[in-house]
Amino acid sequence: MPKEIEVTVLPVGNKLEVPKGTSVSEILGKMGRSGDSWIAAKLNGQLVDLTRTVEENSALEGIGIDSPAAIEILRHSAAHIMAQAVKSIFPEARVAIGPAIEAGFYYDFDVARPFTQDDLEKIEATMRDITSQKLAFSRREVPREEAIGFFSGLGEKYKVELLEEFTDPVVSFYQQGDFIDLCRGPHIPHSGFLKAFKLTSVAGAYWRGDERNQMLQRIYGTAFFDIKALKKYLEFLAEAQKRDHRRLGKELDLFSFSDEVGAGMVIYHPKGALIRHILENFEKREHLLRGYQLVIGPTLLKTELWKKSGHFDHYRENMYFTEIDEQSYGVKPMNCLSHMLIYKSKIRSYRDLPLRFFELGTVHRHEKSGVLHGLNRVRQFTQDDAHILCTPEQLNDEIVSIIDFVAEVMGIFGFDFEMEISTRPENSIGSDEDWDQATGALTKALQQKGLDFHLCEGEGAFYGPKIDVKLKDALDRRWQCATIQCDFTLPERFDLNYIGADGAKHRPVMVHRVILGSLERFLGVLIEHYAGAFPAWLAPVQAMIVTVTDAQLDFARGVFRELRGRGVRAEVDMRSEKLGYKIREAQLQKVPYMLVIGDKEVQQEAIAPRKRDGTQLDLMTPSQFADLVERECLDSSKGRVGLNVI
RNA sequence: GCUGGCGUAGCUCAACGGCAGAGCAGCUGAUUUGUAAUCAGCAGGUUGAUGGUUCAAAUCCAUUCGCCAGCUCCA
């Protein structure tokens, strides 16, 4: 008779006596829900398979398909099933790694010939075959040495490489059908649990993410517990495509790119330029209100100066150089240098600090061709850049107020954001002590504000650690916008100092920071955030005047002049088209208001506003409408911007 | 930069070795219309660029520029 043990079943906390060695699924089965409704479990906080046996007093929590952890397990299993399919069609393929990711899963393969779309369809078909066989996923523990021998025998060199770096004496194998993979697990009980999946794309990916390594072929896919959820996801992708800023940029006539101009160079059309103008004015005002001073530096600075700053040594690959009168110049990839020189232009007292130099600085960076992406990744962009020079004692307060600034601005646009702290990378400058101090200051400020953040080891800039703020685009891809970067090295290199209360020279601390980041990228993310339907304060056209017939055009022109006089960004559609046609056009252009004018309106010297959501407002005078737009601008910009932008 | 896919009218796409086409947009005319597409006609192209194969190239090949997905890198 085996020994009885006590299992506490969470989340309710029921206690259960079972014989030692009872399987997880059996125990869960006793709790009223059938064994089939579970796919895995948490045993003493650790994810395990249903077949795992319980050997001691434990806490157990079932993971059903509705649990957040379940989808990850399913997708991980889907990756294994895909690998099984690939190996059955392409036996010579070598498998690398295949994890679940945010929106699905992938698996990397080393194959002689890259996969084609046809291959994906074949693989999908084989996967369906595997799922219909309901193959069990079975787990087995194997000594590491034996595992190395096993995979060496199969020629699976990537698995061997992984195993050679493991320190555990025993590893686990998972097998479904004839496919065996090195894996921690857990997995779904059998392949039949995978009911809804789709292979979405194939792309090259370097082994272990290192471009010096072999390039493997990565197949991406996604999986859900039911067809409906998969369908919903595919619909989301289709919706996201409609929100893509590259598409909306064209449709709304905001900006363009031209292969004649070159890659990564934005051409702003009137409406896009107007949005930028509004953003820039907004930014200048917000900075001036917070004690920043506007400055403007040159685009070309002597290469000697870039050598002095360290950019030539650490950032040369990303810079453009040219020659003027036999002197080498570098096009600025960052705005800091002239700000340094402004600081140095006179003797500074501790009473002057902190100094906050702000510049809407246009920079050029040579980005690799493959990374360019609409407005979000370009080669020329304008940063809302500032450099703060302060005493070490002031550093914490400065960082806290920058974080407040970021949170306030993101709130105006309605963005949720994620924060990261990045620490010292390889190939960096400065002493360990400086890095520790700066990293500590950033961390402390975030903790003080009670904000969550991820820690990114070794991802700081070459000159200092940083806090990054990431916003999401239509596809939930994250883009870095705001960033706060400490720099203990530039003040050193430029020998910046201030006279302290003690009459002696001291070294100021420096912070680089941007709030929106690059105006290009921010606009790109913003377009997707609003799906092109900008709030009134940002809309390049706020009101489209549409007449029922040509007979009202004179009156319409008068309304137009009056609205323009008030600062409302209005336009008149003068084409002799039907009203519905003109409404549709304005609707597709996502103009916030359409002002309808027919005989009735002319008689009453009024307009009939229609909002872009279809709601109809009562007749009002142009002046009343201007008041309304002004209120709406102020509301949507949280009191920042009214009608005075043009 | 790397792997793969793709560049045809302003836009979305067809033709995939044999006369370069459609819808929308544009222009002209008719229509004067009440809240998401009025009708008719006209015009629009060295098929991204360069070179090659071929009797014949948008189509096949090479180079190059650009775009897309991902990797690497980053605002």
So which one's nearest nucleotide on RNA chain B is more toward 5', A:Asp244 or A:Ile597? A:Ile597

Taking NZ, NE, NH1 and NH2 as the nitrogens, is one of them in A:Arg75 or A:Glu72 under 4.0 Å from a carboxylate oxygen of the other? no

Any donor-acceptor pair under 3.5 Å between the side chain of A:Tyr206 and the base of B:rG70? no

Pairing partner of B:rA57, by Watson-Crick or G-U wobble and under 3.5 Å for both distances, is none

In this structure, how many angstroms lie between the P atom of B:rC74 and the CD atom of A:Glu317, rounded? 12 Å

What residues 211-220 of chain A contributes to the RNA chain B interface at heavy-atom separation below 4.0 Å is A:Glu211, A:Met215, A:Gln217, A:Arg218, A:Tyr220

For RNA chain B, determine which residues of residues 548-560 of chain A have any heavy atom closer than 4.0 angstrom to one of its atoms, and list them numerically. A:Val548, A:Thr549, A:Asp550

List for me each residue that meets side chain to side chain donor-acceptor pair (under 3.5 Å) alongside A:Glu457, sequence neighbours excluded, and say none if there are none. A:Thr423

Looking at B:rA75, does its base get a donor-acceptor pair with the side chain of A:Gln485 below 3.5 Å? no

Mapping A:Val596 and A:Pro114 onto RNA chain B by nearest heavy atom, which one lands closer to the 5' end? A:Pro114

Does A:Arg208 place a side-chain N or O at less than 4.0 Å from the phosphate oxygens OP1/OP2 of B:rU72? no

Kindly state which residues belonging to residues 401-409 of chain A come within less than 4.0 angstrom of RNA chain B, counting heavy atoms of the residue only, listed by number. none

Side-chain donor/acceptor contact of A:Ser576 with base of B:rU33 under 3.5 Å: no

Distance check needed: B:rG70 C1' versus A:Phe109 CZ, whole Å only. 15 Å

Nucleotides 10-13 of chain B: which of its N/O atoms have a protein N/O under 3.5 Å away?
unit_1, atom_1, unit_2, atom_2, d
B:rU12, OP1, A:Lys250, NZ, 3.4

Polar atom pairs between nucleotides 40-47 of chain B and protein, under 3.5 Å, N or O only, would you list them?
none

